[in-house]
Amino acid sequence: MDLSREGIVEGLRRIVAPADVVTDEKILVQSSVDNFRKLQNIFDVHTMPVPAAIAMVHSAEQVAAILRFAAEHGVNVIPRTGGTATEGGLESAVPDSIIIDGSAMNEIVGIDAYNMQATCQCGVPLQALEDRVRELGLTTGHSPQSKPVADMGGLVATRSIGQFSTLYGGIEDMVVGLEAVFPNGAVTRIKNVPRRAAGPDIRHVVIGNEGALAFITEVTVKLFPYFPENNVFLGYTLKDMATGFAALRAVMVNGYKPSVARVYDPGDAGLHFSHFAAPDDCVLLFMAEGPSAIAQATAAGIEALVAGFPECSKVDSAYIETWFNDLCWDASKITAEDERIRQTRNVNRTTEVSADWGSINDIYQAARARIIAEIPDITMMGGHSSHSYINGTNMYFNYFFNVVGVGPEQETDKYYLPIIAIICEETLKRGGSIVHHHGMGKARAPWVKQEYGSSFYILETLKTAFDPDGIMNKGTIFPL
Amino acid sequence: MSGADDTRASGSPGPLRVLVSFKVTPDFEALRPADWAAGAVEAGTPGAGAASATGASSPGASATAPRDEVASASGTHAAPRVPTRCVRRVLNCFDESALELALRLSDTLAQRGGGADLAALSIGGREIDPHLTTLLALGYERAARLDVESDLDFAPAVVASLIARYVARREPCDLLLLGCCSGPGDGGTVPFRVAEALGWPCVSQVTEVEALTGGGLRVACTTDEGLLRLTVRGPAVLAVGNAVVSRLRVPTLRDRLARRDAPVAIVAAAELGIDVAAELGREPTALRGLEVVDRARRGVVVDGATPRDKARLLYDAHLRALLEAP
């Protein structure tokens, strides 16, 4: 890098309005981390390099100009919209980075109810888009827990997935086209068509790039008719996860498409379902949706299949419906959770992986046992499967620990990273993927070569081709 | 404020005996507005209870039994009201403060070479037991549940008599801590009723409790005039209000393992000589109605090209009149 911090700020002020270049030290320090090191913001103890500035962009052309400027001077760039990343993807790994913040690009460009697609800029909150299309009786079908706080650009950049994925798919199944800006300033647009076979599907170069290859400025996603009145909920208690995985597999293999299909282990179930499940109960649940005939048939088919598992005891569906209606994390819940951590130093973390049906229970059991045995101060170690496919499912490890004997800024080193290491090791050992839907960020980047194996050649070549100067989000996906 | 003489609370040998009475409530945050509206409609129907319009609560002690399926009037009062069966149970927030304050008090005394003997009490069904087990893992020596099936929301006199009788017959203590009120019906009379029954002083709206080195306690409480600090010697009832300490610490899996054999005592009301059904028949307080109050905040988006523009718009439209008012 050949520029001082002042030089970077000066350069940015020539590209965007001076008021759009944020240099407030407190904001910059807070922006040096994301939720991966959230305790640093909760306790206001920071250790990461401080960015030089945040540039609030309003157009793809501004993004292109900043990227050209950064490439010319070798300045690291961190693309950001909603800022809700959980795996360190938004951390500043090196000093004096530029954060390109697209949250001001928040226009819903168009909603095409005939062609069932909506186009929006990267900074449109998913909740805003969903609210708008709901007025037309439509839905995006995308509902991650972060829906109230996450923006479209970031959701696409991290290959987000929502709670209804078993029916609608992940964000990669929803994006029909997009606009992205590459480090050389090239503004590229992938047109919106239902399918294409004109060579490789280049959407997937951009979707999930986590700001390591390009900045996403606009996305077009599918829309679906919305029939909430037809939703059918099913819930069961059972005594072991192996049975739960088997029941999920039966539902998927037999071709049913519930929007939600989950199994919770006793620890995780205790957080949500203690009003009807015993402390050693697992909980299996489904939601069927769509036109009435489909929803009813789906629910009836699932009921019949689960009846083949006598270990599963049906519970009142009202339990599941009420729980599901309160599942998303809005700003007030996040604030309350931060305060809980501040007072108790008891921290909740999650790590999600995926594997085939033949491996997932072994990964769950092995990782859980090792974490309990090897990591101190664990207060809850559990998890659930929440996204299933014809050939396998995910495991969402959900765990809590007390931070004891170290400062809050050391929480990641003492607890979080060692737990992630165990989960990655046990997953890779059995052929699974170490990341299901949070993105690699910087937290899991050290395992990228093991994750990809010989196909790392493809990934690495993308990086060197599109980002030859290495300015895009250093440390994310590709470890420093 | 000074209660009856007491050796432990005034600095003499022996651990300070602290009983915390807490309530497990439905997670009202998880209810939908439609649930409350349905409850209001049902409460407004003829025969849906009659007596106090305010509805005193059972704070700090009783529990809403899931089997009753509603946050409702007690005893003979009509049910259902607000359907709460489908939401999980959580610690009443004021009681959670009380439970953590007791642990911190114990920590402080232990650091000084003394200690506290902590006990916990709640009233209701088995849904409370996981909370009692957690308290045992956190260092509470004893945990007890008064096994009462009846819905005791809006029955503060009954709840108070159960707690007071438990203290008198089963768990003598120097300090009784409980939350000042609870979610379903915020009458806030239980602590005072318990204190009256025991003949002890009661400090309300407690926010901090600190052990004095010479014995006794320094208790902070909020009043209409501001913060009041009192020296308290037990026995006394402390009704915890908006304490800064609002979250209960969490035991590790190893803590739980270490106390896995510690029993939760299940005590029948009859063992205390109380006929709950008969007491409910004499309960002077009842829920008469529910009304949905819209407390939604509203906002105005100040839109301007620059922060300076926005500040100007904010000042002109919303602040100038306030600042320039005589």
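Convention: sequence-line order gives letters A, B, ...; per-chain numbering from 1.
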**Student:** Inspect the surroundings of CZ in B/R312 and state if more than 12 heavy atoms from other residues, nucleotides or ligands are less than 6.0 Å away.
**Tutor:**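 For B/R312, atom CZ is not crowded (no more than 12 foreign heavy atoms under 6.0 Å).
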**Student:** So which heavy atom on B/A30 is nearest to which on A/T322, and how close?
**Tutor:** O-CG2, 4.2 Å
**Student:** Hey, does the Lys NZ or Arg CZ of B/R85 hover above the aromatic six-ring of A/Y319, less than 6.0 Å from the centre and inside 45° of the axis?
**Tutor:** yes
**Student:** Quick check on the interface: out of A/D20, A/T344, A/I320, A/L271, who has the most heavy-atom pairs with chain B under 4.5 Å?
**Tutor:** A/T344
**Student:** Tell me, for B/P307 versus chain A, whether the close heavy atoms (under 4.5 Å) come from the side chain, the backbone, both or neither.
**Tutor:**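 Only the side chain of B/P307 comes within 4.5 Å of chain A.
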**Student:** Counting only heavy atoms closer than 4.5 Å, note whether A/A104 contacts chain B via side chain, backbone, both or neither.
**Tutor:**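 It is neither, since no heavy atom gets under 4.5 Å.
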**Student:** To the nearest 0.5 Å, what is the distance between NE2 (A/H272) and CZ (B/R88)?
**Tutor:** 8.0 Å
**Student:** Nearest heavy-atom pair of A/T379 and B/T252: which atoms, and what distance?
**Tutor:**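 Closest approach of A/T379 to B/T252: CG2-CA, 3.7 Å.
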**Student:** Counting heavy-atom pairs closer than 4.5 Å to chain B, which one of A/I378, A/N325, A/N402, A/D316 comes out on top?
**Tutor:**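 Top option by heavy-atom pairs under 4.5 Å: A/I378.
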**Student:** How would you list, by chain and number, every residue that makes a salt bridge (charged side-chain N to carboxylate O under 4.0 Å, His left out) with B/D107, sequence neighbours excluded?
**Tutor:** B/R249
**Student:** Counting only heavy atoms from other residues, nucleotides and ligands, does the tally under 6.0 Å from CD of B/E29 exceed 12?
**Tutor:** no
**Student:** Would A/R340 and B/V250 satisfy side-chain contact (heavy atoms from CB on, under 4.5 Å), going step by step from the backbone distance to the final call?
**Tutor:** CA-CA 11 Å; A/R340 192 191 71 80; B/V250 184; 4.1 Å; yes
**Student:** Of all heavy-atom pairs between B/R254 and A/D377, which one has the smallest distance, and what is that distance?
**Tutor:** NH1-N, 4.1 Å
**Student:** CZ of B/R259: more than 12 outside heavy atoms within 6.0 angstrom?
**Tutor:**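 More than 12 within 6.0 Å, yes.
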**Student:** Name, in order of residue number, those residues of residues 239-248 of chain B that have a heavy atom at a distance of less than 4.5 Å from a heavy atom in chain A; otherwise write 'none'.
**Tutor:** B/V244, B/V245, B/S246, B/R247, B/L248
**Student:** If you count heavy-atom pairs under 4.5 Å with chain A, which of B/V87, B/T306, B/D27 comes out on top?
**Tutor:**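 Greatest number of close heavy-atom pairs with chain A: B/V87.
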**Student:** Heavy atoms only: give me the nearest B/L253-A/I372 pair and the separation to one decimal.
**Tutor:**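 So the minimum-distance heavy-atom pair works out to CD1-CG1, 4.0 Å.
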